[in-house]
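Counting starts at 1 for both ligands and their atoms, following the listed order.
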Amino acid sequence: MTTPSPEFITLHGQRSSLVLELVPGEAPLWRHWGARLPDGIDPGAALRDTRALPTFALDQDLPLTVAPVFGTGWFGQSALLAHREGRDFAQGWTGCTVEWTAPGRALTLHLSDAVARLRLDLSIALDADSDVLVLCSTLHNDGDTALDLQWLAAGTLPLPGRCDAVRSFAGQHVHEFLPQTDPLTRSLWRRESRRGRTSHDCFPGAVVTTPGATAQTGRVFGAHLAWSGNHQQTIEWLHDGQYQWQFGEWLAPGEGRLAPGASLTTPELVASCSDEGLDGLAANFHAELRRRLDWPGGAMRPRPVHLNTWEGVYFDVHPGPVKEMATAAAALGIERFVLDDGWFHGRHHDRAALGDWWPDAHKFPDGLSGLIAHVNALGMEFGLWVEPEMVSPDSELFRAHPDWALQIAGRPLLTARNQLVLDIARPEASDYLFEKIAALLAAHPIRYLKWDLNRDLAPAGLGDGRAGYRAQVLAAYALMARLRTAFPEVEIESCSGGGGRIDFGVLRHAHRVWTSDCIDALSRVEMQHGFLQFFPPEIMGAHVGTAPAHTTGRTQAMAFRAAVALAGHFGVELDPRQLSTEDADELRGWIALHKRLRDRLHHGRVWRGEAGDGLHWQFHADADTADGVLIVLRTRPSDHRQPPALRLPMLDVAARYRVRELRPAGSPRREGRHHTAPFFDAQDSAEGVTLAGAWLAEVGLPMLRAPAETAFIARIERV
Ligand code: DGJ
């Protein structure tokens with residue numbers, strides 16, 4: 001007997017759709033997440049009517065639901081693991097009501113379990129413009145005893161069985177976004193992080209590909225947890241040939257204990273799919289993040305070029321030399337001067353002082369006013385480094401409040417970089433931090449905080465002996481929000497020993513991230529490529545560092561260092577007083593070029609490619625490629641006597657394009673017949689050369705014979 005008139009819920013984006021099947025007394029079944037279906041299309045039949053029961057299976061067919069749970073006889077990973085002192089261990093939804101929060105776009109499913117006395121509110125929203133799906137779960141304990149929650153997925157997504165690989169990121173300090181590809185098989189794929197922060201080594205996101213998917217073509221799926229703490233994701237093969245993908249916060253024992261009447265809300269799961277390969281997916285994530293960023297004044301202004309003092313002088317910050325640095329920075333065209341670590345009470349090295357957030361009286365006897373006035377008089381904004389969530393054992397704060405550090409009574413305090421983590425979930429600790437930072441912001445025109453976090457949480461024991469990983473993240477967000485409310489004109493950079501806290505969660509409060517402490521341009525090529533999969537270029541801190549690079553010892557020419565940083569939120573991290581006249585002139589030219597291009601680089605789409613033979617490229621353009629900037633980076637010498645042309649598959653094959661090489665003023669000309677050709681000389685003129693889009697897309701743009709670690713930059717405009 002077939003199910004009479006099954007009911008479906010459909011959400012449509014521009015290029016993707018989602019279909020759920022409502023079943024009375026159960027959680028809705030997943031029917032589709034993928035390609036955009038025509039309006040009005042539905043599955044035509046209830047899922048259970050379309051498939052037979054396997055032999056020796058439970059007599060009730062159990063397809064994948066939006067919240068599969070253990071107690072229904074679901075043998076896959078459960079979206080919920082919980083119990084009450086060992087009881088109510090097997091939940092099963094007994095009711096579901098649908099509440100449309102934005103008709104056709106967003107809804108909340110109210111699931112209830114009358115037996116275990118739980119409710120789950122699962123919100124699902126598909127953004128019609130970006131095709132980004134956001135899921136979030138809130139579990140309510142309606143029972144009269146405590147519920148111990150071990151796992152609650154923010155969302156459970158279906159993936160078609162033809163998916164064959166998952167790309168995620170590994171890494172470490174100074175090597176973030178290390179790409180890693182695993183085949184999808186019948187074995188469970190799982191990644192989890194218990195470091196208490198987003199982490200360098202396990203980015204909370206992944207991309208699942210189908211066979212043949214490339215950077216620009218093919219179906220791909222992506223998901224990211226908007227959270228700066230512990231996380232877990234699993235992809236599991238199911239017996240009907242598809243996969244389920246669950247993503248949520250990894251809860252330490254006890255963190256999910258819900259008193260009667262209490263509830264827990266997961267971080268948001270941000271997901272999307274695209275038929276335009278990895279770059280199509282990236283465009284969706286970029287659009288979603290741009291929608292979320294909360295800019296002072298309501299809109300992003302051109303990203304000011306930075307000078308960050310860290311690698312220039314490290315802890316050795318004294319007003320005289322720092323003022324000289326500022327003067328030299330302004331002469332380069334720098335717009336924001338950021339005083340990094342080393343400015344506060346007793347901070348002469350990394351073994352002391354975190355927590356004592358007032359200017360060091362020996363270094364700055366008159367406080368920061370003189371320096372800030374000097375910076376402002378040069379036409380630059382002033383930014384300041386802080387690391388609020390930390391405390392040094394050798395600090396006035398720790399001596400006064402040793403109990404404010406996260407710790408477990410009876411166990412040793414575990415330091416990292418000689419520091420401990422402050423329990424900022426204590427109101428008195430976060431009030432202290434607010435007062436100290438607010439005092440600085442109120443007293444000075446500080447427009448920017450570089451907010452650092454230089455260690456993992458271990459062990460995150462709260463004062464009452466319970467685990468505080470989750471509390472710590474929520475308290476950090478609350479402190480950032482409180483400061484932003486009090487000082488709405490201040491921007492925040494999320495730094496965590498480089499890229500240890502880069503996620504959509506912290507980016508509700510922050511406006512830039514420090515991608516990595518490694519500024520070696522060659523290393524940055526791969527890291528930035530990975531970064532751009534989820535995050536747009538305008539928030540990607542990208543600096544020109546010294547040569548040799550401090551973290552690798554490798555030396556690259558100024559042009560290569562600047563070209564690699566060009567597309568990001570551009571900055572300089574060296575002592576500008578030490579630059580030779582030639583280097584200073586060249587850098588000034590690159591800064592001017594960046595300023596000329598940043599509007600183009602920081603809006604619209606990014607296409608990324610590896611053409612083989614050591615060539616990496618990026619194209620930043622509006623969505624229909626009418627106007628773009630091409631950055632080609634050669635990371636190693638060509639294997640060819642004459643390098644192959646570079647195909648630009650995203651260009652419109654029906655259009656013609658003008659290609660003009662862009663070179664900063666004063667950059668040395670190419671010399672010698674091995675490195676020049678009339679075609680390139682023609683490009684390097686105001687008119688450039690005009691070529692058919694079809695030619696550029698199919699055959700390619702001729703590439704010059706160029707040495708390793710050089711760049712080629714061009715404006716490509718439709719004519
Ligand atoms: C780690 C950051 O990533 C660096 O940029 C710098 O701010 C140092 N911390 C300062 O201690």
> Of the listed options (Arg347, Lys450, Glu387), which comes nearest to atom 5 (O) of ligand 1 when hydrogens are ignored and any heavy atom counts?
Replying inline: Lys450

> Going by the order shown, which atoms of ligand 1 are within less than 4.0 Å of some heavy atom of Trp514?
Replying inline: 3 (O), 5 (O)

>> For the residue pair Gln528 / Gln618, report whether a side-chain donor-acceptor contact shorter than 3.5 Å exists.
In response: no

>> Taking the side chain as everything from C-beta on, heavy atoms only, tell me whether Glu268 gets closer than 4.5 Å to Arg508.
In response: yes

>> So if I count the atoms of ligand 1 from 1 in the order they appear, which ones are less than 4.0 Å from some heavy atom of Asn454?
In response: 1 (C), 9 (N)

>> Measuring centre to centre across the rings, with the benzene-like ring taken for any Trp, is Phe504 within less than 6.0 Å of His224?
In response: yes

> What do you reckon, are the aromatic ring centroids of Trp357 and His345 less than 6.0 Å apart?
Replying inline: no

>> Using a 4.0 Å cutoff against the non-hydrogen atoms of Trp310, which atoms of ligand 1 qualify?
In response: 4 (C), 5 (O), 6 (C), 8 (C), 10 (C), 11 (O)

> Can you tell me the protein heavy atom closest to atom 9 (N) of ligand 1 and the distance?
Replying inline: Asp452 OD2, 2.7 Å

>> I need the atoms of ligand 1 closer than 4.0 Å to a non-hydrogen atom of Gly498, numbered in the order shown.
In response: 3 (O)

> Quick one: are Phe434 and Leu479 in side-chain contact, heavy atoms under 4.5 Å?
Replying inline: yes

> What protein heavy atom sits nearest atom 11 (O) of ligand 1, and how far off is it?
Replying inline: Asp341 OD2, 2.6 Å

> Any N or O of Asp517 that comes nearer than 3.5 Å to an N or O of ligand 1?
Replying inline: yes

> If you count the atoms of ligand 1 from 1 in the order shown, which ones are under 4.0 Å from a heavy atom of Gly497?
Replying inline: 1 (C), 3 (O)

>> Only heavy atoms of Cys495, strictly under 4.0 Å: list the atoms of ligand 1 that pass.
In response: 2 (C), 3 (O)

>> Between Tyr477 and His509 (judged by ring centroids, cut-off 6.0 Å), do the two rings come close enough to count as a pair?
In response: yes

> Looking only at non-hydrogen atoms, which of Val174, Asp340, Thr309 approaches atom 10 (C) of ligand 1 most closely?
Replying inline: Asp340

>> Tell me the contacting part of Arg417 for ligand 1: side chain, backbone, both, or neither, using a 4.0 Å heavy-atom threshold, strictly below.
In response: side chain

> Taking the six-membered ring of Trp514, is the NZ or CZ of Arg524 close enough (under 6.0 Å from the centre) and on axis enough (within 45°)?
Replying inline: yes

> Are Tyr448 and Phe382 an aromatic pair by the rule of ring centers under 6.0 Å?
Replying inline: no

